[in-house]
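All remarks here apply to the structure that follows.
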2 protein chains.
Amino acid sequence: MQQDKIILAIVDDHPMVIEGLKSLLKPETAIYTTVSFTNGREFISFLSQNEVDLVFLDISLPDANGIELCKEIKKISPKTIVLGLSNQTERSIMLQMLQSGASGYLLKNVSPDELLTCIQEALQGLITFSREAKEIMGRPSKAGLNEVASITKREKQILELLAQGKTTATIATELFLSPLTVDTHRKNLLQKFDVKNTAELLMAAVQQKLL
Amino acid sequence: MQQDKIILAIVDDHPMVIEGLKSLLKPETAIYTTVSFTNGREFISFLSQNEVDLVFLDISLPDANGIELCKEIKKISPKTIVLGLSNQTERSIMLQMLQSGASGYLLKNVSPDELLTCIQEALQGLITFSREAKEIMGRPSKAGLNEVASITKREKQILELLAQGKTTATIATELFLSPLTVDTHRKNLLQKFDVKNTAELLMAAVQQKLL
DNA sequence: TTTTTTATACCTATAGTTAGGTATTTTTAA
DNA sequence: TTAAAAATACCTAACTATAGGTATAAAAAA
């Protein structure tokens with residue numbers, strides 16, 4: 001990295017976001033080189049053969065889940081700094097990004113000055129957030145307190161079927177289980193989310209993007 | 001408009017989307033003048049004293065609901081063409097925009113070529129969509145068939161309390177109603193959304209952005 | 001290999017919801 | 001002013017969910 005430019009990557013499926021970011025970074029082209037990708041697969045392929053100092057990673061990509069992609073990036077290239085860049089404002093989503101190895105999170109309403117400040121902080125090894133993301137992270141909430149309820153594979157399955165309005169009997173038939181087994185899974189879900197009924201459970205799950 | 005440039009406005013709370021759109025339109029500066037705003041209020045103020053041929057209107061703005069803003073824009077300046085520009089992919093949202101006077105809808109993953117084509121079509125008085133938006137609009141679905149279920153004020157109230165996991169008895173107490181009245185409203189909601197239970201109802205309502 | 005977690009299944013009792021209507025009053029729209 | 005819509009309330013019957021547990025087997029993690 002002596003005297004070389006810093007390599008910034010942008011991974012976002014919106015051409016206008018990519019153009020916008022590049023435009024905002026244009027005054028800094030003496031310092032940064034930007035490369036852009038509209039899907040995760042292309043970026044992973046590039047990263048396998050090139051060094052990237054920092055990547056702006058959208059959460060929702062057509063071919064990948066940003067959180068899983070983040071893990072993959074850190075596996076392939078542990079030194080690459082990952083900053084989440086999204087419109088997603090749920091604290092639980094942001095936390096999942098951080099848990100997956102991201103060094104920060106920016107909302108897409110970040111101002112040009114903030115953007116540059118966040119890049120600098122990240123390159124200095126600091127965790128960094130855009131202002132509004134900081135506010136969200138600093139805000140305790142019920143959903144926050146129950147953030148990212150950890151549910152098992154079977155529980156997820158049950159949850160998805162409940163979201164389709166299916167009853168215990170129907171779910172039991174579809175999954176080849178006893179209705180009593182389904183009831184136990186449901187009870188466990190209510191306990192994990194600390195809610196009293198299926199209505200509340202589903203709304204919490206939507207809130208946490210589990211559905 | 002003889003020999004004058006066409007005035008395009010961009011209303012979006014993301015600086016990088018504004019920069020991106022401007023950048024994509026840069027090759028066409030001989031034809032278009034772009035002005036941009038990060039909130040609805042500023043744009044409405046501008047529109048009251050200036051003529052705008054076409055506006056790209058985000059759905060979610062900090063100070064306004066894009067659908068309501070669309071109505072206001074068409075009231076102040078009926079000749080101004082409104083194109084929705086959002087990440088919202090629900091058909092019901094798109095329809096609400098059209099019902100509010102918009103002449104089309106673009107998703108933010110629109111390509112540069114498509115963007116220019118959509119502008120031209122809109123200026124010619126045609127309804128226009130970006131390709132993915134066209135696909136969504138053309139796709140019949142259960143939710144689509146039940147699009148924007150029209151519910152009354154009281155039903156909305158009941159729906160919101162159901163989404164908080166409240167039971168008929170609790171809702172009756174809070175709204176000073178008979179539990180039997182609440183049950184009737186619930187039954188009516190199930191019929192309007194054509195669903196069988198509250199779980200399904202809530203998921204449909206979330207889908208249609210009623211919650 | 002052992003421990004922990006997940007999955008499965010069961011029990012009694014109680015609470016809550018949905019289905020199928022009908023009927024009257026109040027509010028809103030025409 | 002009249003008609004239509006919304007809101008309110010009621011009825012019987014059946015269905016579904018939740019609460020409070022206990023217990024064993026299988027799978028996964030340590």
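So that the names make sense, note that chain A is the first sequence line, chain B the second, and so on, each numbered from 1. Here the structure is a predicted model, which is why all the values come from computation and not from measurement. The analysis underlying the following values was restricted to heavy atoms, covering all of them including side chains, and did not include hydrogens, waters or symmetry mates.
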May I have the distance from [X] (atom [atom1]) to [N] (atom [atom2]), rounded to whole angstrom?
| X | N | atom1 | atom2 | result |
| --- | --- | --- | --- | --- |
| B/N188 | D/dA6 | CG | C1' | 10 Å |
| A/F176 | C/dA9 | CZ | C1' | 18 Å |
| B/K196 | C/dA19 | NZ | C1' | 10 Å |
| A/I151 | C/dT5 | CD1 | C1' | 16 Å |
| B/L180 | C/dG21 | CG | P | 18 Å |
| B/L177 | D/dA7 | CG | C1' | 9 Å |
| B/E200 | D/dT16 | CD | C1' | 15 Å |
| A/R186 | C/dT17 | CZ | C1' | 12 Å |

Ionic contact status for [Y] with [X], cut-off 4.0 Å:
| X | Y | answer |
| --- | --- | --- |
| A/K108 | B/D12 | no |
| B/E72 | B/R41 | yes |
| B/K192 | B/E155 | yes |

Could you check whether [X] gets within reach of a base, just the sugar-phosphate, or nothing at all, counting any heavy atom under 4.0 Å?
| X | result |
| --- | --- |
| A/K187 | base |
| B/T184 | base |
| B/T181 | base |
| A/D183 | base |

Choosing from [options], which nucleotide comes nearest the side chain of [X]?
| X | options | answer |
| --- | --- | --- |
| A/H185 | C/dT8, C/dT17, D/dA17 | C/dT8 |
| B/R154 | C/dA7, D/dT8, D/dA17 | D/dT8 |
| B/S178 | D/dC10, D/dG20, C/dA7 | D/dC10 |

It should be established whether B/T152 places a side-chain nitrogen or oxygen under 4.0 Å from OP1 or OP2 of nucleotide D/dA7.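 Yes.
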
With a cut-off of less than 4.0 Å, is there a side-chain N or O of A/T168 near OP1 or OP2 of D/dA17?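 Result: yes.
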
Hey, does B/V35 have a side-chain heavy atom less than 4.5 Å from the side chain of B/F46?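 Contact flag for B/F46/B/V35 side chains = yes.
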
Do B/K166 and C/dG16 have a side chain to base donor-acceptor pair shorter than 3.5 Å?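 Answer is no: no donor-acceptor pair is held.
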
Consider only side-chain N and O atoms of A/H14 and A/D58, and report whether a donor and an acceptor are under 3.5 Å apart.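 On atom types as modelled, these side chains do not qualify, holding no pair under 3.5 Å.
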
So which one's nearest nucleotide on DNA chain D is more toward 5', B/K153 or B/N197?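 Going by which nucleotide is closer to the 5' end, it is B/K153.
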
